[in-house]
Amino acid sequence: MSKITDNLNEPQKRAVETVAGPVLVLAGPGSGKTRVLTRRIAYMIEEKGIAPWNIAAVTFTNKAAGEMRERVALILQEMYGAPPAGQPTRLGGLTIGTFHSICARILRVETAAIGFQPNWVIYDSADQVALVRAVMRDLNLDEKRYPPKAIHAHISKRKNDLVTPEEYRSASYFEEIAGRVYRSYQEALRANNALDFDDLLLRTVLLLRDNLDVRVKYQRKWPYLLVDEFQDTNSAQYELLRLLAGEPTNQRNLFVVGDEDQSIYRFRGADYRNVQLFRRDYPDHVEILLEQNYRSTQTILDVANALISQNRNRTPKRLHTENGQGVPVMVYEAYNEVEEAAFVADEIEKLLATKAFQPGDFAVTYRTNAQSRALEEAFVMRQIKYKLIGATRFYERKEIKDALAYLRVLHNPADAVSLERIINEPPRGIGAKTVEALRLWAAEIGVTPGEALQIVHHGPQRVALQLGRTLSPTAYKAPPLGARAQNALIEFAGLLETWTTTERSGQYASVADLLDVVLAESGYIATLRDGTDEGEDRFANLQELRSVAAQYTQGMPALQPQQSPLSLFLEEVSLVSDSDQIDESAGAVTLLTLHTAKGLEYPVVFIVGMEEGILPHSRSLESGDPEDMAEERRLTYVGVTRAKKRLYLVHCFRRSLWGDSAVQQPSRFLDDIPPDLLSGMVDRQRRREGSYQRVTSWDGDPARGQSRSQTGGYWTGRSKSAPPPSTPAQLPSKAPSTSGSTYWSPGAGAQAQKANRPAATGDALKFKRRDSVQHASFGIGTVIESEATRDGDEQVTVAFPGVGIKKLLVSLANLKKL
DNA sequence: TCCTGAAAGCTTTTT
DNA sequence: GCTTTCAGGA
């Protein structure tokens with residue numbers, strides 16, 4: 001018996017100690033999953049004598065990877081003392097990372113095998129869409145008809161399903177177009193010496209699949225594989241695991257931990273059915289169920305169970321805890337999102353005043369990032385410290401992307417996407433026309449745009465010599481550019497050249513030095529700091545980037561002998577995620593999406609926007625795919641199970657979407673929770689009738705509860721900061737305005753008002769009031785109103801029995817008149 | 001070529 | 001309502 005497994009329950013112990021063969025652990029939320037993973041690694045190393053460098057653990061974020069590494073080190077240190085002299089850590093060579101970072105690492109070493117130049121870069125989503133757009137331009141495809149974003153999404157999906165351009169088959173004209181783009185896009189990536197996110201997985205899988213030597217090499221390197229959040233793996237990731245654990249060595253030491261109920265990344269290709277595949281592919285696997293919860297109160301778990309048990313195709317689990325019943329989960333209806341935020345702030349202040357909680361104990365979660373705005377405003381007003389995760393992702397900010405693009409061009413001159421990004425940023429007289437001319441000219445000669453730039457600068461002879469290859473005769477003719485454009489290009493090429501020389505010669509102490517030189521000499525900083533607050537904000541962001549860059553110094557340990565600090569830096573920033581900046585010790589309320597909240601826990605959790613159209617999101621409502629709805633439910637489940645002690649489910653009576661205020665229905669998920677677990681629950685039937693008494697007091701604040709339950713109107717809360725509209729009774733009667741949102745669910749009053757309006761008076765309207773219509777996903781309904789929109793379209797308001805009132809655009813909705 | 005104001009379009013969720 | 005894109009003038 002090992003010390004490492006002391007204090008673990010039986011199934012946990014079994015999970016830690018079953019080291020050989022395939023193991024599937026289905027772990028409910030808060031069941032000590034992280035503990036099992038860390039203990040298991042420690043156990044393998046100390047008790048089984050497995051070398052750390054023979055273990056690879058895959059986590060969901062880089063942050064989780066870092067934490068896991070620290071925890072394992074700590075366990076080992078505590079149990080076995082400091083590491084032997086001369087050895088910095090007992091974890092030397094242990095691999096912990098995300099699928100993407102581990103694949104990047106493999107490909108960095110195997111660059112030759114995939115036929116790329118060693119200095120390849122990773123394209124993020126924005127770069128990918130930019131490249132798709134460029135490719136589509138070359139193919140003369142109409143961006144209006146085939147939005148590059150949609151095309152890219154389709155390509156990405158196929159890549160995650162391991163479909164290569166050669167294997168690609170199309171089932172529609174759109175897919176046929178996408179297939180053409182896919183082919184050219186992959187070629188363009190190669191020409192740019194770049195891999196996109198999906199390539200990291202796809203190319204690694206293909207490499208391991210087709211190259212026996214390489215496969216055996218990595219099978220020997222990592223005979224032991226551990227995977228966290230297995231339910232969120234996609235086909236490519238699953239295949240990667242199978243390859244690493246499979247033939248010819250067939251070691252099969254695969255330990256995967258997951259929870260089907262927490263699968264929330266379907267949109268990214270994740271497929272919780274990989275759990276079933278695992279069972280099929282490894283019929284002799286050991287399966288372990290972790291059902292005891294160490295995180296939440298029984299009440300919170302009961303709510304979670306009630307929600308998730310409605311889903312099909314899941315392994316039934318009975319979550320239980322010894323933490324005790326706890327207090328009821330509070331449901332609260334706010335008037336609108338301002339009141340909602342005020343309520344959240346009120347409750348936080350109230351709980352803080354009890355001294356039982358600290359700001360860092362609170363998390364406010366929501367479905368979409370857009371919902372954070374109202375909350376932020378309330379927190380700023382009350383001076384509650386908060387930390388917002390992920391609204392505008394740091395590495396997606398313009399100034400950050402620009403700065404990185406400068407560095408990327410130095411590192412990988414073939415990167416045309418980055419070059420185009422910065423060639424006229426700040427404006428230096430190289431406009432769209434010039435860039436286009438340069439691009440076409442480069443294509444004609446058969447060089448990259450970067451090389452074409454050099455030819456403009458130094459002439460073809462010298463460049464041919466430098467590149468060590470002959471250039472096409474076209475290169476020796478004068479470039480098709482005006483004198484002014486050429487001068488601008490020459491000047492820019494000169495700048496690039498000086499910087500490149502600095503970089504190549506290693507004449508910089510850290511990447512921060514490079515960044516300083518580039519941003520100063522390009523005039524970027526000067527242009528950015530224009531005296532406005534925004535300019536200073538952006539400058540501050542660049543300083544933050546600089547402080548990261550400063551950590552990448554000459555002589556730091558590198559994966560490959562020739563790898564420069566710049567190369568390491570660029571790789572690192574390509575793979576970070578936003579959740580990497582979550583800092584539990586920050587002493588501030590955390591604002592984050594339900595997705596980012598996965599894997600975290602907080603004593604007090606708010607889920608705001610518990611409304612039809614928000615959670616579940618309207619996209620999932622309208623798609624009609626039950627799997628979409630099941631995922632929304634899982635997302636809610638993830639949110640609920642983040643809470644340790646207290647949980648609030650908040651929804652609004654009205655909400656502003658796209659600048660319009662719309663009446664909201666409470667989320668269907670609220671209906672699935674047994675009322676005895678809740679406090680402040682509204683009887684929804686009576687709510688629809690327009691009158692109810694409600695008790696909003698939660699834990700002995702009668703004054704508060706009373707002041708709200710008087711009128712029986714919809715408005716139920718009064719907050720310090722946002723006074724209520726004058727007469728609550730008036731509120732529901734205001735009909736939603738007709739422009740903007742395509743989704744709204746009116747209360748009874750609004751609906752009546754709406755129906756009484758005269759029908760629109762346009763002349764060429766296809767539908768009129770009382771028409772019966774059929775819609776693909778909503779079924780048969782009756783037209784309430786139809787009107788012409790400003791842009792010549794027709795907007796129809798239809799009541800679908802059992803579904804609700806929908807506003808639809810005739811051009812999009814494919815409505816049939818019956 | 002660049003700047004300005006107007007108009008379109010946008011919102012899932014992220015490695 | 002806010003941000004990105006587009007058209008037109010300097």
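The figures that follow rest on heavy atoms only: side chains count, while hydrogens, waters and symmetry mates do not. Throughout, a chain's letter reflects where its sequence line sits, starting with A, and its residues are numbered from 1.
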query = The side chain of A:H595 lies closest to which of these nucleotides: B:dT11, B:dC3, B:dT14?
reply =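 Output: B:dT14.
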message = Need one value for A:K398: base, sugar-phosphate or nothing, where a base atom within 4.0 Å counts as base even if backbone is also close, heavy atoms only.
response =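 Nothing, no heavy atom under 4.0 Å.
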request  = Pick base, sugar-phosphate or nothing for A:R428, based on heavy-atom distances below 4.0 Å to the nucleic acid.
outcome  =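 Sugar-phosphate contact only.
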ask   = Ring stacking, A:F60 with base of B:dT15, under 5.5 Å and under 30°?
value =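 A stacking contact does not exist, since A:F60 is not both close and nearly parallel to the base ring of B:dT15.
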query = Does the side-chain ring of A:F99 sit on the six-membered ring of the B:dT15 base, less than 5.5 Å centre to centre and under 30° in tilt?
reply =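 No, A:F99 does not stack on the base of B:dT15, since the centre distance and plane angle fail the 5.5 Å and 30° test.
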key: Within 6.0 Å of NZ in A:K157, more than 12 heavy atoms from elsewhere   =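 For A:K157, atom NZ is not crowded (no more than 12 foreign heavy atoms under 6.0 Å).
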key: A:E491, CD: over 12 other non-hydrogen atoms inside 6.0 angstrom   =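 For A:E491, atom CD is not crowded (no more than 12 foreign heavy atoms under 6.0 Å).
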Please tell me if [X] has a side-chain N or O lying less than 4.0 Å from either OP1 or OP2 of [N].
X: A:S101; N: B:dT15; answer: no
X: A:T434; N: B:dT1; answer: yes
X: A:N369; N: B:dT13; answer: yes
X: A:K433; N: B:dC2; answer: no
X: A:N234; N: B:dT15; answer: no
X: A:N424; N: B:dC2; answer: yes
X: A:T596; N: B:dT14; answer: yes

ask   = Do A:Y123 and A:R408 pass the side chain to side chain contact (heavy atoms under 4.5 Å, CB included) test, and can you show the C-alpha distance, the side-chain angles, and the key distance before you say yes or no?
value = CA-CA 10 Å; A:Y123 276 180; A:R408 290 214 295 205; 3.9 Å; yes
Could you tell me how far apart [X] ([atom1]) and [N] ([atom2]) are, to the nearest whole angstrom?
X: A:R268; N: B:dT13; atom1: CZ; atom2: P; result: 13 Å
X: A:R266; N: B:dT15; atom1: CZ; atom2: C1'; result: 18 Å
X: A:R633; N: B:dT13; atom1: CZ; atom2: P; result: 22 Å
X: A:E622; N: B:dT11; atom1: CD; atom2: P; result: 15 Å
X: A:Y123; N: B:dT14; atom1: OH; atom2: P; result: 24 Å
X: A:L592; N: B:dT13; atom1: CG; atom2: P; result: 13 Å
X: A:L200; N: B:dT14; atom1: CG; atom2: P; result: 19 Å
X: A:L575; N: B:dT14; atom1: CG; atom2: C1'; result: 13 Å

ask   = Who does C:dC2 pair with, Watson-Crick or G-U, both distances under 3.5 Å?
value =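 Matched C:dC2 with B:dG9 under the 3.5 Å cut-off.
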query = Is the NZ or CZ atom of A:R634 positioned over A:Y637's six-membered ring, under 6.0 angstrom from the centre and within 45° of the axis?
reply =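 Here A:R634 fails the 6.0 Å and 45° test against A:Y637.
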inquiry  = We want to know whether A:D124 and A:Y395 form a side-chain donor-acceptor pair, criterion being a heavy-atom distance below 3.5 angstrom.
reply    =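 No - no donor-acceptor pair under 3.5 Å links their side chains.
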query = Between A:H617 and A:E632, which heavy-atom pair has the shortest distance, and what is it?
reply =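 It is N-OE1, 3.0 Å.
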